[in-house]
Amino acid sequence: MKFTLSWLKDHLDTEAGLGEITERLTAIGLEVEHVDDRAAFRPFTIARVLTAQPHPDADKLRVLSVDAGPDVNGGKPLQIVCGAPNAAAGLVGVLALPGTYVPGIDTTLGVGKIRGVESFGMMCSERELELSDEHNGIISLPSDTPVGMAFADYAGLSDPVIEINLTPNRPDATSIHGIARDLAASGLGRLKEAAVDRIEGTGPCPVSVDVQSPTCTGFALRLVRGVTNGPSPEWMQKRLRAIGLRPINALVDITNYLTFDRGRPLHVFDAAKVSGALTVRQARAGEEILALDGRTYALDEDVCVIADDKGPESIGGIMGGEHSGCDEGTVDVLVESALWRPLDIARTGRTLGIVTDARYRFERGVDPAFMEPGLDLATRMILDLCGGEASERVVVPHQDDAPARIRLPFTEVKRLTSLDIAPDRQVELLQRLGFAVTAHDADGADVTAPSWRPDVEGKADLVEEVMRLTGVDAITPQPLPREGAVAGRVLTTAQVRDRLAKRALAARGMLETVTYAFIPHEEAVAFGGGAPELQLENPIAAELTDMRPSLLPSLLAAAGRNAARGYGDVALFEVSHVYRDDTPAGQLRVAAGLRRGTATPTGAGRNWAGNAAPVSVFDAKADAIAVLEAAGVPTDRLQVEAGASAWYHPGRSGRLKLGPKVTLAEFGEFHPRVLKKMRLSGAHSGFEVFLDALPEGKRKATRTKPVLELSPFQPVRRDFAFVVDAEVEALKLVRAAEGADRKLVSSVSVFDVFTGASLGEGRKSIAIEVTLKPAERTLTDEDLDAVSQKIVAAVAKATGGTLRA
């Protein structure tokens, strides 16, 4: 939203300067994004060339005698050397005196000699003043332009331009009048409340209106006969140019002016080009309109149009049509002031790809109470600037819902903002903004929002209004709670797990990535996704078509990009969401990691003692277990199941479980088919931990550290070799041995696996070392025999294994 300082002061009676106004705007929530105070133009002066003689030593240069007015050089002419082809006697242009900074050439002028002739300034082109790219000659102004006048005053460049950054919830601030209202409410001056005179008009409007579309919630129209549509006044053109608008003609400029001045978008039709009555309806399939921007738009039933007997003449609330536009030949003009449903305007504008000042305001909400006054204000300006006679109005009234009363407990301001503001002061601030306070007692007030504030819906909105007029800087800064307190009181279990998982993986030498939630369709299919309901209708890139079913495709792609740039040994992880279907339950939180090349936890690359080993299934398993341990899962009770999802290598992958049903993680090396599909090569291993599947429980989410218990007795180690079926997992045998005598057996580890013809077809030998740790006395031979028998029996029961002879 742009406006000039003088334009603002048309609505605000204040002595405040530019700096104070911009500071106050930001303080009350209307953040100033840029200020162009145009100070660089102030030193330039309008001057007249008296004579232009050829330079004695240069064919393309001229020596000018220039009159810059009575205040420059005592009124005597200045000598200036100029190379512009249009420099001639009688030309009125723009002069830069010595000491002036010229922005277009980034130079501060001085008195200089050009080919032996002194020059006391410079006649400027538009490019040298950064007004345009034109540099074929110096600026040529009308001959009656007053010599000696500051060019900034003549060209309207002395009026600073302020640009504020509006949030979508402030439709009232899309008008300069609304901005002035906010400043006046904050105590910076007085709002100039100029009443809009109602214009009744003479005679009925010959064009009727039929509103058939629910998108239009109000419509006002009148005819002004006998207008003269020429250029708009210079003061209006200067203001429109200052905010980036191109003046067109008086009728169109009036509508643009009021769009910014009062936040009231309007439209004008050339009445001679309108056939029959106007109908506000939904467009019909196959209809098109040539809009004022010169583009033809295909319309459908979701677009609301204003049509006559020939077809659509305007896209309702967004842009008019070229056919019925006003030009210099317009004599009779129809002035329209309507209301439109914000969501419909936003949808239509997005569908058609049209961004206009009208759409910007209607999709946020235009003051419904100003529909008819806006029509009268536009009519008055047309009569004053273009002449003519106004007809009576045609009105389809806006159906106002009774404004809701909002109860504001005065304690809410203190509770939500920590500001201690007296109740009477709260009421005063709200009334300054135009809010109606219908009841007021010691505890609170009943408040009704004005028609121009559709964003105010509850008591928190009222608190915000009180707070921003008081000033955010009035809130005393408070220190944040200690990190431990935040984690204990505020963070959810899921948030704690996310943080602990990230720390655990970072501690293992992995780098965190943040990737898109969208992946190519082929990759989604390869990792169990690709369902139609997870495909995007409007992807941000042609290849990013599907919601990801897994984090691994994105990590593999990232590893591939690094490898292509010479960084093949990478270890990456991400903690984010994956999407199994389009239901809330199908959105899962996952911690995933990937290692490539030789990026093992112990380091990557070559070494004098030999090349580092490539990453393997065991690195991925260790990473997954590290995440589970950090999240508080009892890893000593984990069950490992061979095999995982289809994108893993079938013989080099596995699942981690707690119990037979719930899978906590999958890990492994990747299937060669998947790597080939993603155009990757080399060693890759990865894992996914399904954070939503982790048990809640009361166990603290931290690394498990059992209580240290030391025994005064010597531990005893015994080896056992069992012959089992080839399909039996070593972990199953280890768990059986551990459970044989939990008081004595402190640890069990596998140290050998053997297969051979001597054992028989489909059989293997697993050798384990069992550590016995007595706590009460030294073990005797009888004790050792007894516990050995328990171990053999437990293993035989769990696996069917027998002691190897």
Side-chain angles (χ1 to χ4, degrees), residues 1-39 153 156-167 170-197 233 235-236 238-245 254 256-264 357 361 364 366-367 369-370 373-374 377-378 380-381 425 428-435 449-453 455-456 464-473:
M1 175 66 185
K2 288 184 178 181
F3 54 93
T4 66
L5 182 61
S6 66
W7 200 345
L8 176 68
K9 289 190 174 183
D10 281 355
H11 298 273
L12 182 68
D13 185 6
T14 180
E15 298 298 324
L18 177 64
E20 188 177 357
I21 287 174
T22 55
E23 183 178 352
R24 183 65 60 86
L25 283 169
T26 299
I28 61 177
L30 303 177
E31 180 185 2
V32 175
E33 197 167 67
H34 179 69
V35 176
D36 182 6
D37 65 0
R38 306 187 173 190
D153 293 337
L157 298 174
S158 58
D159 196 4
V161 178
I162 304 168
E163 182 176 4
I164 62 175
N165 186 14
L166 285 182
T167 53
R170 291 300 308 277
D172 61 302
T174 60
S175 72
I176 299 170
H177 184 79
I179 295 168
R181 182 194 300 116
D182 260 21
L183 288 170
S186 72
L188 196 69
R190 179 184 61 83
L191 180 66
K192 297 179 182 179
E193 287 281 12
V196 178
D197 294 333
W235 63 266
M236 182 179 288
K238 287 180 179 179
R239 285 185 172 176
L240 294 177
R241 287 195 191 98
I243 62 174
L245 297 181
I254 287 170
N256 288 335
Y257 186 85
L258 289 178
T259 297
F260 282 81
D261 187 73
R262 301 303 291 261
R264 176 64 255 183
D357 294 319
R361 285 156 178 80
R364 284 160 173 77
V366 170
D367 182 4
F370 201 71
L377 190 56
R380 172 50 58 200
M381 293 188 73
R425 177 62 174 168
E428 178 190 355
L429 292 175
L430 291 173
Q431 288 176 332
R432 284 185 180 183
L433 287 170
F435 290 81
S451 59
W452 58 81
R453 291 302 302 271
D455 57 299
V456 176
E464 181 182 357
E465 296 302 299
V466 173
M467 180 270 293
R468 69 183 184 86
L469 288 191
T470 303
V472 178
D473 53 350

Check your understanding: Can you name the nearest heavy-atom pair linking A16 to I21, along with the distance?
Key -> O-CD1, 3.8 Å

Check your understanding: So, do L18 and I162 sit near enough that their side-chain heavy atoms are less than 4.5 Å apart?
Key -> yes

Exercise for review: Taking the side chain as every heavy atom from C-beta outward, state whether K238 and W7 have any atom pair closer than 4.5 Å.
Suggested key: no

Point to revise | Validation row: K9, T14 side chains within 4.5 angstrom (heavy atoms) | key: yes

Check your understanding: Which distance, rounded to the nearest 0.5 Å, do you find between the CG of L183 and the NE2 of H11?
Key -> 12.0 Å

Review point. Between R453 and D172, is there a salt bridge with N-O shorter than 4.0 Å?
Key: yes

Exercise for review: Report, as yes or no, whether the 6.0 Å neighbourhood of atom CD on E23 holds more than 12 heavy atoms from other residues, nucleotides or ligands.
Suggested key: no

Revision key, fill the gap. When every non-hydrogen atom of I164 is compared with those of A173, the smallest separation belongs to CD1-O, 4.4 Å

Check your understanding: Which atom names give the shortest non-hydrogen contact between W452 and L433, and what distance separates them?
Key -> CZ2-O, 3.6 Å

Check your understanding: Where is the tightest heavy-atom contact between S175 and G263, given as atom of each residue plus distance?
Key -> CB-N, 3.1 Å

Check your understanding: Which value, rounded to the nearest 0.5 Å, describes the distance between T259 atom OG1 and L240 atom CG?
Key -> 10.0 Å

Check your understanding: Does the side chain of D10 reach to within under 4.5 Å of the side chain of R239, using non-hydrogen atoms?
Key -> yes

Exercise for review: Determine, step by step, whether D261 and H177 satisfy the side-chain contact (heavy atoms from CB on, under 4.5 Å) criterion, reporting the C-alpha distance in whole Å, the side-chain angles of both residues, the deciding distance to 0.1 Å, and the verdict.
Suggested key: CA-CA 6 Å; D261 187 73; H177 184 79; 5.7 Å; no

Review point. Roughly how far, to the nearest 0.5 Å, is the CD1 atom of I28 from the CG atom of D182?
Key: 4.5 Å

Revision key, fill the gap. Scanning both residues in full, the closest heavy-atom pair of L166 with L30 reads CD2-CD2, 3.9 Å

Review point. In Å, rounded to the nearest 0.5 Å, how long is the span from CZ of R264 to OG1 of T174?
Key: 10.5 Å

Point to revise | Residue pair P450 / F435, side-chain heavy-atom distance below 4.5 Å | key: yes

Check your understanding: Between E464 and R468, is there a side-chain N and carboxylate O pair less than 4.0 Å apart?
Key -> no

Point to revise | Distance-only side-chain donor-acceptor flag, D159 / S6, under 3.5 Å | key: yes

Revision key, fill the gap. In this structure, CZ of R262 is separated from CG of D367 (nearest 0.5 Å) by 9.5 Å

Revision key, fill the gap. Smallest heavy-atom separation, A378 atom then I254 atom, equals O-CG2, 4.3 Å

Practice item. Nearest 0.5 Å please: distance from the CE atom of M1 over to the CG atom of D357. Key: 9.0 Å

Check your understanding: Should T167 and E31 count as side-chain neighbours, where that means a heavy-atom distance under 4.5 Å?
Key -> no

Check your understanding: Under 4.5 Å between any side-chain heavy atoms of Y257 and M381, yes or no?
Key -> yes

